Amino acid sequence: MKCEICPHNCEIPENCYGFCGARKNLGGSVICDNFGKITSIAIDPIEKKPLYHFFPGSKILSVGSYGCNMKCGFCQNFEISQRKPRWDYISPEELIKMAVNTSQNIGVAFTYNEPTIGYEYVAACAKLLKQADFKVALVSNGQINASALERLAPLVDAWNIDIKAWNADFYRRHGGDFETACRAVELAAQTAHVEVTTLIIPGENDSDFEIAETAKWLATLSRETPYHLSRYFPRYKYDAPPTPKDTLFRLAEVAKRYLKNVYVGNV
Ligand code: SF4
């Protein structure tokens, strides 16, 4: 059985999981094994996603499950992305009830782990949220095939998508595909609000050249595209010290040559 959600296009043997650890071949069908299995839930300020230009000042119910279709050694959320922690089942109907009953909440953000590998859960919840006139946001690594993204796109109001590096080899080393990430940003921007994030890791993706190229490309979509440079902290398999604040501010100045809305996060 083949899963066609992301560029891994896993051929999954019976009773086995795909690369992401969240989708499985069960009885000859690929199922979303993490459907409704929520490992993290919080009411967050929308700016924490980060989404700075989408209902600023509001709050959004934020949920995550487990699994990821990349294997970044520097993952800042590895406890849920690379492991299968304890979870609580929350059905789409229950999640919508929670969203409706949370005061000042504008909707649901699917975040913390990669939401698109839980495609069926996101789609089921998003349909109900739209019916209730609530917003749907996704925080994604952009590793989703165009066909799957196009099916999901009408249900999504806002995305924050990573461009992890302007470097195809960086993506390959960490289990992803650079072209797919860029294509996801382009497609998502056709139907929804999009902001983009790069986690700046010392010695990995912190050259002026890479940030200039990323910003130049984003400017071809719109000079208004919000671009977030966020600070790496040692996590998971990486023990290098946190990104120096000076590096982040220097790179922000580089990006501002091309973009109007550049932000530095986690400093
Ligand atoms: S979503 Fe998971 S199972 Fe499907 S192709 Fe991607 S890594 Fe493989």
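Note that the structure is predicted; figures quoted are calculated from it, not measured. Note that ligands are numbered from 1 as they come in the structure, with each ligand's atoms numbered from 1 the same way. By convention here, the first residue in the shown sequence is residue 1.
Relative orientation of the F54 and H193 rings is parallel, given thresholds of 30° and 60° on the angle between their planes. Aromatic ring orientation, F35 versus Y89: parallel (interplanar angle below 30°, classes split at 30° and 60°).
Atom 4 (Fe) of ligand 1 has C3 SG as its protein N, O or S neighbours under 2.8 Å.
With contacts defined as side-chain heavy-atom distances shorter than 4.5 Å, the pair D33/Y17 qualifies.
For the pair K71 and F19, the cation-pi criterion (under 6.0 Å, within 45° of the ring axis) is fulfilled.
A salt bridge does not link R250 to E253: none of the charged nitrogens lies less than 4.0 Å from a carboxylate oxygen. Salt-bridge check for E210 with K164: failed, with every basic side-chain N at 4.0 Å or more from each acidic carboxylate O.
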